[in-house]
Amino acid sequence: MPFASLKSSSGRDLALAGCAGLGLSLLGALPASAHGVAGAGLAGGFSHPLTGLDHLFLLVGVGAASSFVSAQLLLFALAGAVIGAFFGVSGGGLPVAELLAALAVSGLGVLILMSRRSGHPPSIPAAGTVVTVAVAIHAMLHGHEASGASSWWAGALLASGLTVGVTFLLLRRLGTAWTVRLAVLLTVVGALLALGPIGLLAGAGAGAA
């Protein structure tokens, strides 16, 4: 049984999910980044998080971790989205960001698996930090990729909120076994996605030599 179901009512969980969704919708007012490479408009924004495997699995991972550990992690995800988005649209960046984005997916899977193995819920601040950092990295990349204006962000955030919400509610019904299976998948997929950036870096190093 997920830890969160032992600590809070379904009504409170849904309220937290609604609060996070409302907050995410406010990010639609963010301006587009000058680094825009994604399709413009509401439809382009909506499809963008769903067509990138790293973004999609990250969203599923947030829903899974929030379902298994605590619905409070949804609020940490919101904080990461705000921080990362503003950092990205302001032109901020991180070294090997694509590699970090892939590893963030694995990080959420490992968080669930470690929580399951220990048999007791992790510290909410510690788990929340993992979620915040993971989401912030992906939100930063969205800031680099954004195209259009507020409509692009509205579409991207709508798709993100739906993916996280559906995952959260579905896993609450399916139970622990399915969440653990998904956590294993997230861990493996993140590692496989990380091989892409590593290969590119190795190729660049060989070319420079």
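Index from 1, following the sequence. Worth knowing before you read on, the calculation uses all heavy atoms, side chains too, and leaves out hydrogens, waters and symmetry mates.
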Where [X] and [Y] come nearest, the two heavy atoms and their spacing:
| X | Y | answer |
| --- | --- | --- |
| Asp54 | Ala101 | OD2-CB, 4.1 Å |
| Ala134 | Leu58 | CB-CD2, 4.0 Å |
| Thr167 | Ala64 | CG2-N, 3.7 Å |
| Thr129 | Phe76 | N-CD2, 4.4 Å |
| Ala97 | Ile137 | O-CG2, 4.1 Å |
| Ser106 | Ala191 | OG-N, 3.0 Å |

Checklist entry - Can you get from Val166 to Leu78 by hopping between Ile, Leu, Val, Met, Phe, Trp and Tyr side chains that sit under 4.5 Å apart? => result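 In one cluster: no.
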
Checklist entry - Can you get from Trp178 to Val69 by hopping between Ile, Leu, Val, Met, Phe, Trp and Tyr side chains that sit under 4.5 Å apart? => result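 As far as the 4.5 Å side-chain criterion goes, Val69 and Trp178 are connected within one cluster.
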
Checklist entry - For Leu162, which residues count as a side chain to side chain contact (heavy atoms under 4.5 Å, CB included) partner, sequence neighbours excluded? => result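 Here the qualifying residues are Phe46, Leu158.
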
To the nearest 0.5 angstrom, please state how far the [atom1] atom of [X] sits from the [atom2] atom of [Y].
| X | Y | atom1 | atom2 | answer |
| --- | --- | --- | --- | --- |
| Leu94 | Leu99 | CG | CG | 11.5 Å |
| Leu170 | Ser67 | CG | OG | 9.0 Å |
| Leu111 | Arg116 | CG | CZ | 14.5 Å |
| Leu108 | Leu103 | CG | CG | 11.5 Å |
| Phe168 | Arg173 | CZ | CZ | 12.0 Å |

Checklist entry - Can you check side chain to side chain contact (heavy atoms under 4.5 Å, CB included) on Thr179 and Leu174, steps first, answer last? => result CA-CA 8 Å; Thr179 305; Leu174 292 177; over 6 Å; no

Next on the checklist: If you define the side chain from C-beta out and look only at heavy atoms, does anything of Val164 sit under 4.5 Å from Leu74?
Outcome noted: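 Yes - at least one pair of side-chain heavy atoms lies under 4.5 Å apart.
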
Next on the checklist: Would Leu193 and Glu98 count as a side chain to side chain contact (heavy atoms under 4.5 Å, CB included) here? Give the steps.
Outcome noted: CA-CA 9 Å; Leu193 290 173; Glu98 294 292 343; over 6 Å; no

Next on the checklist: Applying the side chain to side chain contact (heavy atoms under 4.5 Å, CB included) criterion to Val188, which one of Leu186, Leu185, Leu192 satisfies it?
Outcome noted: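 The residue from Leu186, Leu185, Leu192 that satisfies side chain to side chain contact (heavy atoms under 4.5 Å, CB included) with Val188 turns out to be Leu192.
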
Checklist entry - If you group Ile, Leu, Val, Met, Phe, Trp and Tyr whenever their side-chain heavy atoms sit less than 4.5 Å apart, what else falls in with Ile83? => result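 So far as hydrophobic clustering goes, Ile83 is joined with none.
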
Item to check | ILVMFWY cluster membership beyond Met114 - transitive side-chain contacts under 4.5 angstrom | outcome: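 Grouped by the 4.5 Å side-chain rule, Val110 form the rest of the cluster around Met114.
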
Item to check | Val62 and Leu73: CA distance, side-chain angles, deciding distance, side chain to side chain contact (heavy atoms under 4.5 Å, CB included) verdict | outcome: CA-CA 8 Å; Val62 169; Leu73 296 186; over 6 Å; no

Next on the checklist: Run the side chain to side chain contact (heavy atoms under 4.5 Å, CB included) test on His138 and Leu59 for me, step by step, so that the C-alpha distance in whole Å, both residues' side-chain angles and the decisive distance to 0.1 Å come before the verdict.
Outcome noted: CA-CA 10 Å; His138 283 257; Leu59 295 172; over 6 Å; no

